[in-house]
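Only this structure's heavy atoms are used, side chains among them; waters, hydrogens and symmetry mates stay out. Along the sequence shown, the residues carry numbers beginning at 1.
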Amino acid sequence: MQDDTIQVCYALHDREGARMRHMGASIASLLANTERKVRVHLIHDALLSPEDREKFRELVEEKHGQALILHSMEGAELPERYGELLADRAAPGKYPMEAAYLLFAMELLQDEPKVILLDADMLFHLDIRFLWEEDAGRHGIAAVPETANPGAAGYIQRRQIVASGEVRAEDFLETGVLLAEPAKLLRENRNLIGRMLRRAGKSEAPTYLQDSVNRFLARKARKLPLKYNVLVTCQRAAGNPNAAAGSGVFRFTADNLREDAKDSYEQLFWAAYQATPWHEEGKNERIAFLGELLHENDYRSAAGMRELRAPEELESLAATGDVQKVAPELFGRLILQFNVQNQLLLRLFRESERYGQEIGELLALLPAPMARIWRRWQGGGEKLQPDDRSNYSTMLLNTFLTRGSREELRRFVALAGEIGQDAVKETADALAAHCSWELARKLYDSLPRELLQRAEDLHAYGICAGRSGHPEQAGKLFEEAVGKGYRASEPYLVCIRECLAKKKEDA
């Protein structure tokens, strides 16, 4: 009786640990959506620790009751003809050993009638049996053409092998999902692996595996429907943030990760990752609220930044297994934003005896003026300087007005006078804008009148006075603003006068 088990194969060479976790999410999503028997082949090397091997077994065998076959490449078990790829030349975006393992899988699994070769960053929102039942074509290879993805055509035209005419744009394959009949593929393409390896070994392009597969197989491959390899980047660029709500296989790399709860791709990834044994790993319950802060803030702009200090500087703070381990670059971009650090410090300072070490480590990451302001806020003897004004304003707006208690805000506002009158004025304006009327009025009261000559300032001052229960003062300020031609103060002045007149009558 023919074995009807679906055979899937991943290859892993992971120096940082994030790739392995992406693969865990991929496997979790695949098995959660598939009812048929599945055998997961995982080709790996010594970089995969015994502990993580057990996590893969836990995920596949214990949680889903499916079969896992680990193929270890330890001891240079790859044939010598894999040559230069074994050198593992470091370059951004290149996975030479991993690429060699995927090519080797075609030989390793050639006794299997069919196999699905997968990248670590494929997420499944369909039953894999639909792909398994597709025809691999007369040459034994099938994949989705990259042009099937919206907006990809222009990018493909810039690829060297397309621009040179070696491969037509409409034939160029997305190799994250390959449906193959290994024996047929190798039989009908003489010395295929050797030719691919020689070409790949000479390539300096980050996508050399994809290019080598396309160079030899693009025209021969059967073209699969888009749903089997949907590029998240292209879908977002085309204005389709919710396409993951439908069925499909989605390519979702670390660069695609965002802090956006409304994005269906984001929801799909985190749902899959949270079903893996790695989900709780690395979390520090002492600062469990850090993840909450990251999700509360909007970091679309931050996520576009690239030049940042290494996130390892915060490892002792133990951020989140979810963000730090899965997308360390994104985690670095998020946590190294000053407003996140300051908001986290505000939480830590509330239990300073408990979090003394973490407070010290975070203060060391902040610019010197911010650290100085924090220490002064805590009652330290450091003297604030006029140049601290911009840092003080940033902390006021992003931390104390949004996260602080009334007492914490009051103590912070008191520091403005030490920096200078300009800082006091900016603080009063910010408090007025955030409806902290009484605090703002007291600051305006403390300023010399020459700093409050503009009609707009008099109007803001008047609103604070009126809202905090000082109508006579508010009336005088609105009257002065109207005298300077500020029309917006006129209705307020009329209202104040009517209220004062009624109050006098009642008395």
Side-chain angles (χ1 to χ4, degrees), residues 1-11 26 30 34 36-43 67 69 71 78-79 81-82 85 98-120 122 124 126-148 161-162 166-200 207-229 249 251:
M1 180 177 176
Q2 186 176 359
D3 185 4
D4 63 352
T5 301
I6 298 172
Q7 309 285 339
V8 300
C9 181
Y10 292 87
S26 177
L30 187 156
T34 300
R36 287 264 295 272
K37 287 184 180 180
V38 178
R39 183 173 294 121
V40 179
H41 298 267
L42 174 54
I43 304 175
I69 309 295
H71 303 277
L78 278 175
R81 65 180 176 281
Y82 282 78
L85 294 190
E98 186 172 296
Y101 300 163
L102 275 175
L103 291 179
F104 180 57
M106 296 185 190
E107 298 183 273
L108 179 70
L109 302 175
Q110 61 181 298
D111 289 338
E112 300 292 346
K114 190 185 289 186
V115 65
I116 300 172
L117 302 173
L118 297 167
D119 277 358
M122 308 308 301
F124 293 82
L126 56 67
D127 192 322
I128 194 67
R129 75 175 177 84
F130 293 116
L131 174 58
W132 182 252
E133 292 169 356
E134 291 279 352
D135 182 3
R138 57 182 289 231
H139 294 283
I141 187 75
V144 176
E146 196 164 295
T147 50
I161 65 171
V162 173
E166 287 185 82
V167 176
R168 297 184 304 175
E170 58 269 30
D171 288 330
F172 194 87
L173 306 174
E174 251 302 316
T175 55
V177 177
L178 291 173
L179 178 64
E181 297 177 9
K184 180 190 290 187
L185 183 68
L186 298 176
R187 183 178 64 249
E188 297 204 3
N189 296 273
R190 188 168 176 268
N191 195 25
L192 171 66
I193 301 299
R195 288 185 293 149
M196 291 174 75
L197 287 169
R198 283 194 295 274
R199 176 69 76 161
T207 56
Y208 70 90
L209 172 63
Q210 189 174 40
D211 282 359
S212 63
V213 168
N214 274 285
R215 183 170 280 110
F216 297 105
L217 297 174
R219 293 188 181 182
K220 297 179 179 180
R222 177 175 177 262
K223 305 305 187 289
L224 293 172
L226 171 63
K227 67 179 180 179
Y228 295 123
N229 199 332
V249 183
R251 187 173 192 126

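- For Arg187, the CZ atom is densely surrounded, since the number of other residues' heavy atoms within 6.0 Å is greater than 12.
- Side-chain atoms of Glu112 do not come within 3.5 Å of backbone N or O of Leu109 as any donor-acceptor pair.
- Panel note: side chain Asn214, backbone Leu173; a donor-acceptor pair is recorded below 3.5 Å.
- Residues that satisfy the side-chain contact (heavy atoms from CB on, under 4.5 Å) test with Glu146, not counting sequence neighbours, are Ala152, Tyr155, Ile156, Arg159, Phe172, Glu174, Gln210, Leu231.
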After noting the C-alpha distance and the side-chain angles of Asp135 and Arg222, does the key distance pass the side-chain contact (heavy atoms from CB on, under 4.5 Å) rule?
-> CA-CA 8 Å; Asp135 182 3; Arg222 177 175 177 262; 4.2 Å; yes
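- Between Ala120 and Ser26, the shortest heavy-atom distance links the atoms O-CB, 3.5 Å.
- Leu179 is listed as a side-chain neighbour of Lys114, based on a closest heavy-atom distance under 4.5 Å.
- For Asp119 and Arg251, the salt-bridge test passes: some basic side-chain N is under 4.0 Å from an acidic carboxylate O.
- The shortest side-chain heavy-atom distance between Leu108 and Gln110 does not fall under the 4.5 Å cut-off.
- Taking Arg168 as the reference, Glu170, Asp171 meet the salt bridge (charged side-chain N to carboxylate O under 4.0 Å, His left out) condition, with sequence neighbours excluded.
- Side-chain contact check for Leu131 versus Leu224: some heavy-atom pair is nearer than 4.5 Å.
- The shortest distance between side-chain heavy atoms of His71 and Leu42 does not fall below 4.5 Å.
- Minimum heavy-atom separation, Ala169 to Thr147: O-CG2, 3.4 Å.
- Of all the heavy atoms in Leu226 and Val144, the pair that sits closest is CA-CG1, 3.9 Å.
- The side-chain contact (heavy atoms from CB on, under 4.5 Å) check on Ile6 picks up Val8, Thr34, Arg36, Val38, Ile116, Ile128, Arg129, Trp132, with sequence neighbours excluded.
- With contacts defined as side-chain heavy-atom distances shorter than 4.5 Å, the pair Leu178/Val115 does not qualify.
- Across all non-hydrogen atoms, the minimal contact from Leu185 to Met106 is CD2-SD, 3.6 Å.
- Residues Tyr101 and Tyr10 fail the side-chain proximity criterion, which asks for heavy atoms closer than 4.5 Å.
- Note that the NZ atom of Lys37 and the CG atom of Asp4 stand 7.0 Å from one another [nearest 0.5 Å].
- Expressed to the nearest 0.5 Å, how far NE2 of His41 lies from CD of Gln7 amounts to 4.0 Å.
- The two residues Arg215 and Val167 come nearest to each other via the heavy atoms CA-CG2, 4.0 Å.
- Phe216 approaches Leu192 most closely through the heavy-atom pair CB-CD1, 3.9 Å.
- A donor-acceptor pair under 3.5 Å is absent between the side-chain atoms of Lys184 and the main chain of Pro182, judged by distance alone.
- The closest side-chain heavy-atom distance from Leu118 to Val177 is below 4.5 Å.
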